[in-house]
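None of the values given here were measured: they were computed from a predicted structure.
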Amino acid sequence: MVTLGGAVRELSRRLAALFLPGQDGRRPVDGKRIAALGATHQTGWTALVAVLLFRMAGPEPDMVTRP
């Protein structure tokens with residue numbers, strides 16, 4: 001069992017991990033594509049993950065208390 005804040009942090013971490021380069025330098029979100037071309041940037045997911053990364057990097061680790 002985890003707290004609501006813990007669940008938020010874990011889900012945020014997992015979602016952000018899809019967009020961060022792995023050990024091989026590739027991002028899981030790109031799948032087998034060699035270059036990040038196409039309309040993936042138009043889905044809105046990138047903006048959501050940008051907000052999550054910003055909040056995760058901030059001085060206040062408990063994202064649940066942020067507005």
Side-chain angles (χ1 to χ4, degrees):
M1 298 197 68
V2 297
T3 64
L4 179 58
V8 168
R9 282 188 294 278
E10 180 62 16
L11 289 173
S12 297
R13 184 192 67 76
R14 290 181 185 197
L15 183 59
L18 295 173
F19 290 83
L20 297 173
Q23 291 181 354
D24 62 356
R26 298 180 57 118
R27 290 173 172 82
V29 71
D30 290 332
K32 295 185 180 197
R33 285 181 287 151
I34 296 172
L37 301 175
T40 58
H41 64 284
Q42 297 174 355
T43 64
W45 286 105
T46 308
L48 172 63
V49 172
V51 170
L52 294 176
L53 290 173
F54 177 77
R55 289 184 174 183
M56 289 167 54
E60 185 180 323
D62 187 4
M63 295 183 304
V64 175
T65 61
R66 288 187 178 218

Looking at residues at least two apart in the chain, or sitting in another chain, which of them share a side chain to side chain donor-acceptor pair (under 3.5 Å) with Arg27? none
Sequence neighbours left out, what passes salt bridge (Lys or Arg N to Asp or Glu O under 4.0 Å) with Arg26? Give chain and number order. none
Kindly give the heavy-atom pair with the smallest separation between Pro28 and Leu20, and that separation in Å. CD-O, 3.5 Å
Hydrophobic cluster membership, Leu18 vs Leu52, 4.5 Å side-chain cutoff: yes
